[in-house]
Amino acid sequence: MIDLKFLRENPDVVRASQKGRGEDVAIVDKVLASDDAKRAAITEFEQLRAQQNVLSKSVGAASGEEKVALLANSKELAEKVKAADAKRAELEATALSHAMVISNILDPEAPIGGEEDFVVIEHVGTPRDFSSAGFAPKDHVELGKLLGAIDTERGAKVSGSRSYYLTGVGALLEFALVNYAISRSYYLTGVGALLEFALVNYAISSATKAGFIPVIPPVLVKPAAMEGTGFLGQAAENVYHLEKDDYYLVGTSEVPLAAFHMDEVLDGAKLPLRYAGYSSCFRREAGSYGKDTRGIIRVHQFDKVEMFSFCKPEEAKQEHQRLLQWEKDFLNAMEIPYRVIDVASGDLGSSANRKFDIEAWIPTQDAYREVTSTSNCTEFQGRRLNIRYKDSDGTKAIATLNGTLVAIPRMIVAILENHQNADGTVNVPAALQPFLGMTRFELV
RNA sequence: GGAGGGCUCGCAUAGCGGCCGAGUGCACCGGUCUUGAAAACCGGCAGGUGAAAGCCUCGUGGGUUCAAAUCCCACGCCCUCCGCCA
C-alpha cells in the first residue's frame with residue numbers, strides 16, 4: 001500500500017503516477033477525502049475516550065450518592081464513545097479500501113506508456129545464425145523429446161496441459177542450474193538450505209550411478225493418478241485437494257512416478273525400470289494433532305527423493321530387497337544409527353503387500369523414528385493404473401515398488417542431532433562434504 | 001480428532017474488575033566509587049500514532065461493564081498426553 005502521509009503531502013506525484021500507469025486518477029481525491037473523514041473521526045473518538053477515562057477513574061474513587069450520579073454520567077458517555085468508535089471503525093475501513101486501490105508510485109525513470117512503449121537498455125550477445133550453420137533449429141519440445149529431457153505428453157496425461165516431467169538430463173540440468181545459482185549466492189547462515197541441496201545431490205548422483213533415471217515430476221496431478229496409486233482410500237483425508245480445478249497435491253512423488261507409465265505397455269526386456277523422483281510433498285496431517293508439533297519431524301510440505309521401480313511380478317520380492325539396500329546405503333553414508341523394521345499388516349498402505357521401514361536414532365527423543373519406507377505393491381497399482389509389460393509370454397500386469405531415498409527434513413533432524421558437538425556445531429558426514437564444500441557447520 | 005496447561009515491557013516472573021501501561025529479578029545504557037574491572041550504590045530502560053494534549057497496544061478478534069491484563073466467547077501459537085505418517 002502507498003504511504004498515506006506521502007499522499008497527503010504529494011497528491012500530485014500520486015496523480016501523475018496513476019496517470020502514467022493508465023489507472024484511475026480520481027481515486028486520489030477520493031482517498032484524500034476518506035482519509036480526512038477518518039482522521040476527524042479518530043480525533044473525535046479519542047477526545048470522547050479521554051473524557052471517559054477521566055470520568056471512569058473518578059467513579060472508582062467516589063462512593064455513595066456521588067458515585068450514583070457519576071455512574072449515570074458515565075453511562076451516557078459510554079454510549080457516545082461506543083457510537084464514535086463504531087463510526088471511526090467504519091470510516092477507517094472505508095479509507096483503507098480506497099487506499100488499497102492505488103498502485104505503487106512509479107519510479108520517475110520508468111518509461112511511460114503501454115506494452116509497446118518499452119525502452120531497450122542494451123543488447124548482449126549475438127543471436128546465432130542457424131542458416132549459415134546449415135540447419136533449422138528445433139524447438140525445446142522436440143529437443144526435449146530427442147534428449148529424453150522433457151516429457152510434456154506424459155505430463156499432460158497425469159496432470160493436464162501445461163504440465164511436464166523433467167527426466168534424465170533434463171532433471172540433471174535442473175539440479176545443475178540450482179547448484180550453480182546457489183553456489184553464487186553462498187553464505188553461511190544458509191546451511192539448512194545447502195544441506196538440502198547436498199542431500200539431494202548425493203541422493204541423485206548415487207541413484208543415477210545405480211541406474212535410476214532422475215525425474216522431476218509434477219506435484220499437481222489429476223484424480224486418476226491419485227486413485228490409481230491408492231491414495232484416495234483411507235489416506236484421502238491426508239491429501240490436499242484443489243476443488244476449483246479438481247487437482248490433487250501429491251503427498252509423495254510415488255504418485256506421479258507410478259502414473260508416468262499409466263495406460264502403457266512396457267517392453268519386458270527393459271525391466272526393471274527405475275526412477276528417482278525429486279519433488280515437494282504435501283500432507284494435511286489430519287488426525288495427527290498435538291503429535292510432533294515441535295520442529296520439522298512432521299510438516300505439511302517437505303522435499304523428498306523417492307525411488308520407484310517397475311518390474312516383473314516374479315522379481316518384485318528381490319527388487320524390494322534392493323530398494324531396502326539402497327536406503328540402508330544412504331543411512332550408512334550419513335553415519336546415522338538406525339534399525340530396519342518389517343511393518344505389521346495393520347500398518348501397511350492399501351497398495352502395499354509388504355513394507356520395510358528404516359528408523360533413525362533420534363537422541364533427544366531417545367527413540368528410533370521413521371525416516372524411510374519401502375513398499376512392494378506387486379501388481380496392485382499396475383492394474384489400477386493400467387500399466388502392463390509385454391514379453392514372449394504375452395502381456396501382463398506389471399509390479400511396482402517404491403522406497404524413500406531421502407526425506408529431507410527428517411534426515412536433517414537425524415544429521416544435526418546425531419552429529420552435533422558440545423558447542424552446537426555439527427560435523428558433516430564425509431559423504432556430504434564434497435557436496436557442501438565444508439566439514440562442519442559453524443555457529444552463526 | 002480428543003484431553004489438559006500456557007501466551008504480560010529483551011529474558012524470567014508478579015498481577016485483587018478501578019490505586020495497572022503494569023511490580024520484581026536478570027540483561028542492557030548512563031553515573032558515583034576504582035589505576036582499570038568486578039561488586040556496591042544512584043538513575044534510566046516497551047512500542048505505535050499524533051504538532052501537542054492525548055489515544056491505542058498485556059497472543060488475535062469479539063463480548064459483558066461506567067471501567068478489562070483481570071470476567072465470557074471464538075481463533076491462533078506453544079507445551080504435555082492418547083488413535084494415523086517420510
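- With a cut-off of 3.5 Å on both pairing distances, B/A27 has no Watson-Crick or G-U wobble partner at all.
- Within the nucleic acid shown, A/Val371 comes within 4.0 Å of sugar-phosphate atoms alone, with no base atom in reach, counting heavy atoms only.
- Pair check for B/A40 finds B/U32; Watson-Crick or G-U wobble, both atom distances under 3.5 Å.
- When the C1' atom is used for both B/G61 and B/C66, the distance is 23 Å, rounded to whole Å.
- The A/Glu46 side chain lies nearest to B/C55 when the options are B/C55, B/A86, B/C66.
- Pairing partner, B/A68: none, since no Watson-Crick or wobble contact has both distances short of 3.5 Å.
- Taking atom C1' in both B/C73 and B/U24, one finds a spacing of 33 Å when rounded to whole Å.
- Residue A/Gln52 is in sugar-phosphate contact alone, with no base atom involved, counting any heavy-atom pair closer than 4.0 Å across all strands shown.
- One donor-acceptor pair, N or O on each side, does fall under 3.5 Å between the base of B/A86 and the side chain of A/Arg283.
- In this structure, A/Glu254 places its CD atom 13 Å from P of B/C85, rounding to the nearest Å.
- Across the P atoms, B/C81 and B/C71 are found 28 Å apart, a figure rounded to whole Å.
- Across all strands shown, A/Val68 has no heavy atoms under 4.0 Å from either base or sugar-phosphate atoms.
- Distances shown here put every side-chain N or O of A/Lys82 at or beyond 4.0 Å from the OP1 or OP2 atom of B/G63.
- Regarding contacts with the backbone of B/C56, a side-chain N or O of A/Arg49 is found under 4.0 angstrom from either OP1 or OP2.
- By the 30° and 60° cut-offs, the orientation of the rings of A/Tyr240 relative to A/His300 is perpendicular.
- Rounded to whole Å, the C1' atom of B/A38 lies 39 Å from the corresponding atom of B/G48.
- If you take atom C1' in B/C16 and the same atom in B/A22, they sit 14 Å apart, rounded to whole Å.
- Between A/Leu96 atom CG and B/U49 atom C1' there is a gap of 16 Å when expressed in whole angstrom units.
- Contacts of A/Asp357 with the nucleic acid, taken as non-hydrogen atoms under 4.0 Å apart, are absent.
- Here, B/U65 and B/A53 have their C1' atoms 27 Å apart, quoted to the whole Å.
- Across the strands present, B/U60 finds its partner in B/A74; the criterion is a Watson-Crick or G-U wobble pair with both atom distances under 3.5 angstrom.
- Closest to the A/Arg298 side chain, of the nucleotides B/G18, B/A67, B/C85, is B/C85.
- Across all strands, A/Asn53 comes closer than 4.0 Å only to sugar-phosphate atoms, never to a base (heavy-atom distances).
- Computed from coordinates, the A/Ile42 CD1 to B/G50 C1' distance equals 10 Å when rounded to whole Å.
- Of the candidates B/C84, B/C66, B/A86, B/C84 carries the atom nearest the A/Asn238 side chain, counting heavy atoms from C-beta on.
- Annotation: B/C85 and B/C78 have their P atoms spaced 23 Å apart (nearest Å).
- We find that CG of A/Asn402 is positioned 13 Å from C1' of B/C85, with the value rounded to whole Å.
- Between the A/Arg274 side chain and the A/Phe308 main chain, no donor and acceptor come within less than 3.5 Å of each other.
- A/Lys67 comes within 4.0 angstrom of a base, heavy atoms only.
- The closest donor-acceptor contact from the side chain of A/Ser159 to the backbone of A/Leu220 lies under 3.5 Å.
- The base of B/C85 sits with one of its N or O atoms less than 3.5 Å from a complementary donor or acceptor on the side chain of A/Arg410.
- At whole-Å resolution of the value, CG in A/Leu48 and P in B/A67 are 13 Å apart.
- Between B/G10 and B/U80, the two C1' atoms lie 27 Å apart (nearest whole Å).
- Nucleotide B/G4 has B/C79 as its partner under the Watson-Crick or G-U criteria, with both atom distances under 3.5 Å.
- A/Phe310 and A/His261 have perpendicular rings, their planes meeting at more than 60° on a 0 to 90° scale where under 30° would count as parallel.
- At least one donor-acceptor pair closer than 3.5 Å links the side chain of A/Asn332 to the backbone N or O of A/Lys328.
- Counting to the nearest Å, the P atom of B/A86 and the CZ atom of A/Phe308 are 14 Å from each other.
- Atom OH in A/Tyr240 sits about 17 Å away from atom P in B/C85, given to the nearest Å.
- Within the cation-pi definition used here (under 6.0 Å to the ring centroid, within 45° of the axis), A/Arg154 does not qualify as a partner of A/Tyr165.
- Computed from coordinates, the A/Glu370 CD to B/C85 C1' distance equals 6 Å when rounded to whole Å.
- Checking B/A86, B/C85, B/C66 against the side-chain heavy atoms of A/Ser74 singles out B/C66 as nearest.
- Taking the side chain as every heavy atom from C-beta outward, A/Ile297 and A/Gln365 approach each other to under 4.5 Å.
- Pairing of B/A22, defined by two Watson-Crick or G-U wobble distances under 3.5 Å, is not identified with any nucleotide.
- Between A/Ser279 and A/Ser253, the shortest heavy-atom contact is OG-CB, 3.3 Å.
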